[in-house]
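Down below is the structure, laid out as structure tokens.
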There are 2 protein chains.
Amino acid sequence: MPAAPASDLTAHLGYWLRYVSNHVSQAFARKVERHGVTVAEWVLLRQLLDEEAIAPSRLADRMGMTRGAISKLADRLIAKSLLVRAADPEDGRAQTLSLTHAGRALVPGLAALADANDAEFFDHLTPEDRATLLRILRGIVEKRGLKFLPVD
Amino acid sequence: MPAAPASDLTAHLGYWLRYVSNHVSQAFARKVERHGVTVAEWVLLRQLLDEEAIAPSRLADRMGMTRGAISKLADRLIAKSLLVRAADPEDGRAQTLSLTHAGRALVPGLAALADANDAEFFDHLTPEDRATLLRILRGIVEKRGLKFLPVD
DNA sequence: TCTCTATGATTGACAAGGAAACTATAGGTT
DNA sequence: AACCTATAGTTTCCTTGTCAATCATAGAGA
């Protein structure tokens, strides 16, 4: 009798991954909340820091959200004067999003919070463990051909 | 000049953790969806398999959700005839939740899906890497004194 | 016993994302 | 040029969670 060993919930790596990841994200959410932004908003702002202007659809791909979600997320950031939407001069259908001055100014402070959050959860690991964790996670992304950055 | 190195988004372990975790959970969500349940519903059902009956508040703690969320989650499972709610005979305020026959019968199939999902994402790792990953994740939970199991 | 506070659970209002319908424009084909 | 299909974005509806208010009961203290 092989007795399939009962699938204990806590035996699943996926379970632990979700467990820890949610805590890390929740902790980060609390940190950025004080600055008036959500985690999704932070990710969008951060993406825009590198590029002059970017199409909503590209953001949707990169952030792993639907275009509808990006549309609304952009609305909220525009309402906070951190973002501007402009028509693409080369394509009548397309829009571009770019940071306002205020938006650009906000990013470094949030980045520092991201650093702090990472430190809070991972600094106690040995350098080897940190490297292994990163290697494993990147490996899964590569192996599975994952395309986008999740947010929630 | 130490030059704090710009906080590249992809340098954060929290980023990768969230990235991978969300994909693993989304893949699992698609699997259980075919059986008519959500991930949160699966977790609740699985928790109940071990205990005869359990208080909603205990579930809220364990699952890392608010009591309000558990209340509604239970409503949905009751509507699907997988769960029953009963008054606690010892405390007029308390309720207890327990699986119906159908609910209990559903769990093994879902557990198999959880196994399959884990295999899909982690089977390519060496046993050492799997062990390390589990150890690291458990270590973080312990170090940080995390109390509950996240769901979404 | 009466009252006050704490606790368990539910409910209502709101937030944020997904799916699908919809609008407008691009670009190829005839 | 006229049409047809593909693509970019937005909007609508639905789901599911949180937060805060609410209700009922428990249990301690005057």
Side-chain angles (χ1 to χ4, degrees), chain A residues 18 21-23 25-30 32-33 36-44 53-80 83-98 148-152, chain B residues 18 21-23 25-30 32-33 36-44 53-80 83-98 148-152:
Chain A
R18 191 172 64 228
S21 168
N22 279 19
H23 274 283
S25 289
Q26 282 181 29
F28 184 56
R30 280 193 297 276
V32 295
E33 182 188 4
V37 299
T38 66
V39 175
E41 287 168 5
W42 145 250
V43 175
L44 195 157
I54 191 171
S57 51
R58 264 182 67 74
L59 277 175
D61 290 343
R62 287 213 223 157
M63 296 179 59
M65 292 172 64
T66 62
R67 295 178 178 192
I70 296 292
S71 194
K72 296 172 220 172
L73 184 51
D75 285 346
R76 296 195 290 273
L77 285 166
I78 290 167
K80 292 177 187 172
L83 197 68
V84 283
R85 189 158 15 208
D88 182 329
E90 318 211 327
D91 185 334
R93 299 165 298 182
Q95 300 283 318
T96 65
L97 298 173
S98 40
F148 54 75
L149 178 156
V151 163
D152 59 326
Chain B
R18 192 173 63 228
S21 168
N22 279 19
H23 275 283
S25 288
Q26 282 180 28
F28 184 57
R30 280 193 297 276
V32 295
E33 182 188 3
V37 300
T38 65
V39 176
E41 287 168 6
W42 145 251
V43 176
L44 195 157
I54 191 170
S57 50
R58 263 182 67 73
L59 277 175
D61 289 343
R62 286 212 223 158
M63 296 179 59
M65 293 171 64
T66 62
R67 294 177 178 191
I70 296 293
S71 194
K72 294 168 201 169
L73 184 52
D75 285 346
R76 296 195 290 274
L77 286 166
I78 290 166
K80 293 178 188 173
L83 197 69
V84 284
R85 190 160 13 210
D88 182 329
E90 317 211 327
D91 185 332
R93 299 165 299 181
Q95 300 284 317
T96 65
L97 298 173
S98 39
F148 54 75
L149 177 157
V151 163
D152 57 326

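Keep in mind that what you see is a predicted model, and the values were worked out from it rather than measured.
Within 4.0 Å of A:G68, counting heavy atoms only, lies at least one base atom of the nucleic acid.
At the phosphate of C:dA9, OP1 or OP2 sits under 4.0 Å from a side-chain N or O atom of B:S57. A:R67 has no side-chain polar atom (N or O) that falls below the 4.0 Å cut-off from OP1 or OP2 of C:dT23. A close approach under 4.0 Å does not occur between any side-chain nitrogen or oxygen of B:R93 and OP1 or OP2 of D:dC23. The phosphate of D:dT18 has OP1 or OP2 within less than 4.0 Å of a side-chain N or O from B:T66. Between A:R76 and C:dG17 there is a side-chain polar atom (N or O) within less than 4.0 angstrom of OP1 or OP2.
The separation between A:D61 atom CG and D:dT7 atom P is 13 Å, rounded to whole Å. Distance, A:R58 CZ to D:dT7 P: 17 Å, rounded to whole Å. When rounded to the nearest whole Å, the span between CD of B:Q95 and C1' of D:dT25 equals 12 Å. A:R85 places its CZ atom 9 Å from the C1' atom of D:dG9, with the value rounded to the nearest Å. When the P atom of C:dA15 is taken as reference, atom CD of A:E33 falls 13 Å away, rounded to whole Å. What separates CG of A:L73 from C1' of D:dT11 is a distance of 16 Å, to the nearest Å. Here the P atom of nucleotide D:dA8 and the CG atom of A:L59 are 14 Å apart, to the nearest Å. B:D88 has its CG atom 12 Å from the P atom of C:dT10, to the nearest Å.
The closest side-chain heavy-atom distance from A:S71 to A:R85 is below 4.5 Å. In this structure, the side chains of B:L73 and B:R76 come closer than 4.5 Å at one or more pairs of heavy atoms.
Of the two residues near DNA chain C, A:D91 and A:A69, the one whose nearest nucleotide lies more 5' is A:A69.
A donor-acceptor contact shorter than 3.5 Å links the side chain of A:K80 to the backbone of A:G36.
Rounding to the nearest 0.5 Å places CG of B:L83 at 5.0 Å from CD1 of B:I78.
Listed nucleotides C:dT10, D:dG9, C:dG17 differ in distance to A:M65; the shortest reach to its side chain belongs to C:dG17.
Residue B:R18 comes nearest to A:S25 through the heavy atom pair CD-OG, 3.1 Å, listed as atom of the first residue, atom of the second, then distance.
For A:K72 against D:dG9, a side-chain-to-base donor-acceptor contact under 3.5 Å is absent.
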